[in-house]
Amino acid sequence: MQQHTADTWGTIAAKTSPPVITLGATLFGIPVPNIAQWLTAIYLALMIAHKIWHMVKEYRSGRQFPVSEDTLP
């Protein structure tokens with residue numbers, strides 16, 4: 001039951017954060033298109049870094065993840 005509650009709160013936070021951030025930026029006088037561009041650039045950089053990290057991890061271990069569906073638990 002605790003996990004379900006955590007998932008629900010996490011989902012609520014994820015769904016409400018864009019409007020809250022947009023409202024806060026507007027109140028502080030920051031143009032919203034600038035924020036959207038910066039957040040998109042940051043998100044893209046994080047996704048590229050994450051992909052590179054996984055590729056390096058696969059290269060160092062000498063195998064691909066997952067190896068095959070037969071070896072999964």
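Just the heavy atoms: all of them, side chains too, but no hydrogens, waters or symmetry mates, feed the values below.
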**Prompt:** If you group Ile, Leu, Val, Met, Phe, Trp and Tyr whenever their side-chain heavy atoms sit less than 4.5 Å apart, what else falls in with L46?
**Reply:** I42
**Transitive ILVMFWY cluster of W38, excluding itself - 4.5 Å side-chain cut-off** = none
**Request:** Please identify each residue that fulfils side-chain contact (heavy atoms from CB on, under 4.5 Å) with P31, with sequence neighbours left out.
**Result:** P33, N34
**Item:** Reported CD-to-NE2 distance for the pair E58 and H54, which is rounded to 0.5 angstrom
**Value:** 8.0 Å
**Item:** Min side-chain heavy-atom separation I30-T26 under 4.5 Å
**Value:** no
**Request:** Please check if atom CE in M47 has more than 12 non-hydrogen atoms from other residues, nucleotides or ligands closer than 6.0 Å.
**Result:** yes
**Asked** Centre of W53's six-membered ring, under 6.0 Å away, within 45 degrees of the axis: is that where NZ or CZ of K57 sits?
**Response** yes
**Message:** Apply the hydrophobic cluster definition, ILVMFWY joined by side-chain contacts under 4.5 Å directly or through others, and give me every member besides I52.
**Reply:** L44, I48, V56
**Prompt:** Taking ILVMFWY side chains as joined if any heavy atoms are under 4.5 angstrom apart, and letting links pass through other members, which residues group with V20?
**Reply:** none
